[in-house]
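The next block holds one structure in the form of structure tokens; read it before the comments.
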Number of protein chains: 2
Amino acid sequence: MPAATLSREEVAQRLLAEFRRSGYQGASLASLSEATGLGKSSLYHYFPEGKVDMARAAMEVVGGWMRETVLPNLSKDGPPEKRLKKYCAALSEFYEKGALPCLTELFSIGEAAEYFQQMLRQSMGNTIKLLSAVMEEDGIDAAEAARRAEDAMVMVQGALIVSRTLGSNAPFARTLRKLPEILLAR
Amino acid sequence: MPAATLSREEVAQRLLAEFRRSGYQGASLASLSEATGLGKSSLYHYFPEGKVDMARAAMEVVGGWMRETVLPNLSKDGPPEKRLKKYCAALSEFYEKGALPCLTELFSIGEAAEYFQQMLRQSMGNTIKLLSAVMEEDGIDAAEAARRAEDAMVMVQGALIVSRTLGSNAPFARTLRKLPEILLAR
DNA sequence: GTCTATACGAAGATAGAC
DNA sequence: GTCTATCTTCGTATAGAC
């Protein structure tokens, strides 16, 4: 029995949950400690630089999921429409059908923005590139594809906010359902 | 010369700026004090209940602007298309062309959500009603109008997030430009 | 109505034992 | 690798003088 101890990855997942609940500045070492079941000192064992380090780990968790389970749907074989539909389905799971907030929003305000904005910008830019490529494959010209990819980001981020404000996953679900059609419209 | 002193409204406007910069939990009494130029004790003179009270005042400032300068555009005379265009133009000013974050987003996470989520939900619901009414006047049936009004909320909120993440007002400007046409499409 | 001073708990972070 | 204990700074809030 090598370990009943949590792996760094498992700890990071629990940190992520707490950052999503409270935001960067709203998450305290006390709340992060409670969320992980580890004492503060144990957290510093995993994350020597403290809270920023924990937030970075949380971002790496979502970044990894995004790269491994969501974005690959855009690059696989098959017709653009099918790929976009798979992508949207994976995104829906990623955000638990609209129940989970996105770190892009949470970490782009206040102190967290100083640490993470650059990475968030790069990450969104990369997603826009991947989405554009799919649309271009469907015969949409590059400039228009870029605009529509940006629109997709707008709709996903907006749907998350509206869903949590209204207390219903419906706006998010509806937005993702119609997204592929909008992106490939002629 | 009755007063070189700041009115409660003027103080609230400066508080608003700081809450927008840092979010609810990111704004400290120290930063709020600096933003207003008032000592902490003076702030407590205006806002006896402390930080929540200051945030409430900031929300009242934006709520007032929204009710007085943005939403009336929807209720005035004239064709629906013109009213929606005026509304979007006013919204653009309201958010300074996409440079300012919306309190709906900032105050719907963490501790602030406990205080303000109900009000934010009501406010967004009200806006959706007003937008729907305009579309219905243009002959769009009620259920479709309600969906599109929700879409409008999605696009505005999303455009604000994307614009700040990418560091460009372009997504916000483009989104608002095409919004009236999308809402009234047949 | 604004200030200085201060109380006091919370927050981030570290030391050192086990 | 986890804990208890502790340090220091920050955050919220209040008292009381002017």
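Residue numbers start from 1 in every chain, and the chains themselves are labelled A, B, ... in the order their sequence lines are given, proteins ahead of strands. Computed from a predicted structure; not experimentally measured. Values reported hereafter were calculated over all heavy atoms of this structure, with side chains retained and with hydrogens, waters and symmetry mates removed.
We find that A:R14 and A:E10 are not joined by a salt bridge, their nearest charged nitrogen and carboxylate oxygen being 4.0 Å or further apart. The pair A:R147-A:E144 counts as a salt bridge, with a side-chain nitrogen and a carboxylate oxygen less than 4.0 angstrom apart. Between B:R186 and B:D138 there is a salt bridge, with a side-chain nitrogen of the basic residue lying less than 4.0 Å from a carboxylate oxygen of the acidic one.
B:E111 places its CD atom 9 Å from the P atom of D:dT12, with the value rounded to the nearest Å. In this structure, the CG atom of A:L15 is 15 Å from the C1' atom of C:dG12, given to the nearest Å. If you measure from atom CE of A:M54 to atom C1' of C:dG12, you get 9 Å, rounded to the nearest angstrom. For B:L29 and C:dG9, the CG to C1' distance is 14 Å, given to the nearest whole Å. Distance CD (B:E18) to P (D:dG11): 11 Å, rounded to an integer number of Å.
Taken residue by residue, residues 39-53 of chain B places heavy atoms nearer than 4.0 Å to DNA chain D at B:K40, B:S41, B:Y44, B:G50, B:K51.
Judged as a salt bridge (charged side-chain N to carboxylate O under 4.0 Å, His left out), the pairs with a partner in residues 104-117 of chain A (not counting sequence neighbours) are, in order, A:E105-A:R164.
Both A:L130 and A:M153 belong to a single network of hydrophobic side chains, linked directly or stepwise wherever heavy atoms of I, L, V, M, F, W or Y lie under 4.5 Å apart.
Among residues two or more places apart in sequence or in another chain, the side-chain contact (heavy atoms from CB on, under 4.5 Å) test is passed with B:A55 by B:F19, B:Y24, B:F107, B:F116. Applying the side-chain contact (heavy atoms from CB on, under 4.5 Å) test to B:A12 and every residue at least two apart in sequence or in another chain returns B:A57, B:V61.
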Scan nucleotides 7-10 of chain D against the protein and return all N/O pairs shorter than 3.5 Å with their distances rounded to 0.1 Å.
none

Donor-acceptor contacts, no H, no angles, side chain residues 35-45 of chain B, under 3.5 Å, sequence neighbours left out:
unit_1	atom_1	unit_2	atom_2	d
B:T36	OG1	B:L32	O	2.9
B:T36	OG1	B:S33	O	3.1
B:T36	OG1	B:L38	N	3.2

